[in-house]
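One structure is given below, encoded as structure tokens.
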Amino acid sequence: MSSPSTRRPRKVAVVGVALSDTGRVDDATPYALHAQAARRALADSGLDRSVVDGFGSAGLGTLAPVEVAEYLGLRPTWVDSTTVGGATWEVMAAHAADAIATGHANAVLLVYGSTARADIKAGRRTSNLSFGARGPLQFEVPYGHTLISKYAMAARRHMHQYGTTVEQLAQVAVQARANAAANPDAMFRDPITVDDVLSGPMIADPFTKLHCCIRSDGGCAVLLAAEEYVPDTAKSPVWVLGSGMAVSHTTMSEWEDFTVSPAAVSGRLAFERAGVGPADIDLAEIYDAFTYMTLVTLEDLGFCAKGEGGPFVEKGRLLRTGELPVNTDGGGLSACHPGMRGLFLLVEAVRQLRGEAGAGQVRKPDGRLPSLAVASGTGGWFCSSGTVVLGRA
């Protein structure tokens, strides 16, 4: 294939997506899950692995993505190992799209895999209270300020400032579980009620167990490619229309407003660059390690005004049949959350836009497939955000 023209940026499409085995996977290593997801994504694309000249990986190995690329038998000439927590994969996808658009790469494979659940069960790893005790975090770690407690503090501030109720937060978990019921790959599919959420064991006030994401095993992969490869792909392309990223803080004392996440910036940039607005979006895949993440991200992306997230999530709006389907696979609260879940958001968004979600497929009121989706990942304790707008041709 001839070298791409540099006169205009190339259009970039997601041409392959796949999950590895997910949920409870006791007999595989994280490397094996990476490989399984990568093979499946390449098969989904219909392209040969020889076209892959870019690779992104994070969270595994000492020299990620070098170790994972070696395991997969790849020798990329463009690499990315950006690690900003759960937002990693939306940020990486933005980097990959920019690289492809400018001709620095032709096809970039993003892969993630983790056996977080199996490792805990087998005693290969234990829980940790903090990300580390050096740098700015040294001023918080001695007081036992865990990641969960930071989200809980932020949720309490939103409740105090805007009157958001714990029942409204619980609605996020209830609707995520309802969406998971139609997803055969979801780890938990049995329905739950608001009372079920409220009566669970307290983890960090106001979060009971069902306000928090599950711990699972699993991996996934996404292949992005330049427009000239699209005629050779097996599936209809899903185009990367716009992206944005932002970072906020590390220490809670430097977070200016607990009720505003960096998605307020990354979302605005992504929508502006895509030339669309929140009202144009048919479905949203949002990082949901905790129910409050979903609620405040909806506000910050502009789906409702600041402070109105509580009323917005009521009355089934987030269901796949609702006004704004959110986390249509069940999200991290019910489907799968092996660690940095952001890549799963992109996989689900692409499947929905292609019409491949089976019983969980979203439809417009007139029965047509969705045209536009947004995937927004959050990292740390609202420390970072990456947002990607995707569109069907």
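- Between T208 and G200, the closest heavy-atom pair is CG2-O, 3.4 Å.
- If you check the side chains of T291 and H211, you find a donor sitting under 3.5 Å from an acceptor.
- Cation-pi geometry between R215 and F188 is not met: the NZ or CZ atom fails to fall both under 6.0 Å from the ring centre and inside 45° of the normal.
- Linking ILVMFWY side-chain heavy atoms closer than 4.5 Å, directly or via other members, places V68 and L224 in two distinct hydrophobic clusters.
- Checked against a 6.0 Å centroid threshold, the rings of Y71 and H34 do not count as neighbours.
- Heavy-atom contacts from other residues, nucleotides or ligands closer than 6.0 Å to NZ of K364 number more than 12.
- Nearest approach of R351 to V17, heavy atoms of both residues: CG-CG2, 4.1 Å.
- Nearest heavy-atom pair, M293 versus I286, reported as atom, atom and distance to 0.1 Å: O-CG2, 4.4 Å.
- There is no path of hydrophobic side-chain contacts, each under 4.5 Å, that joins V230 to V12.
- Salt bridge annotation for K306-E299: present, with a cationic side-chain nitrogen under 4.0 angstrom from a carboxylate oxygen.
- Pairing each heavy atom of D217 with each of C336, the nearest pair is O-SG, 3.8 Å.
- With 3.5 Å as the limit, one finds a donor-acceptor pair spanning the side chains of H158 and T164.
- Closest of all the heavy-atom pairs between R177 and S334 is NE-OG, 2.8 Å.
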> ring pair (Phe, Tyr, Trp, His ring centres under 6.0 Å) between W78 and F55: does it pass, once the steps are laid out?
Replying inline: CA-CA 6 Å; W78 182 92; F55 185 70; 9.7 Å; no
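- Between Y151 and F290, the angle of the ring planes lies from 30° to 60°, which puts this pair in the tilted group.
- For the pair R341 and Y287, the cation does not sit on the ring face, since its NZ or CZ is not both under 6.0 Å from the ring centre and inside 45° of the axis.
- In summary, the side chains of Q171 and Q175 do present a donor paired with an acceptor at a separation below 3.5 Å, with no hydrogens or angles considered.
- Between D282 atom CG and L353 atom CG the span is 8.0 Å, to the nearest 0.5 Å.
- In terms of heavy atoms, A270 sits closest to G244 at CB-N, 3.7 Å.
- Counting only heavy atoms from C-beta outward, the side chains of T328 and E348 approach each other to under 4.5 Å.
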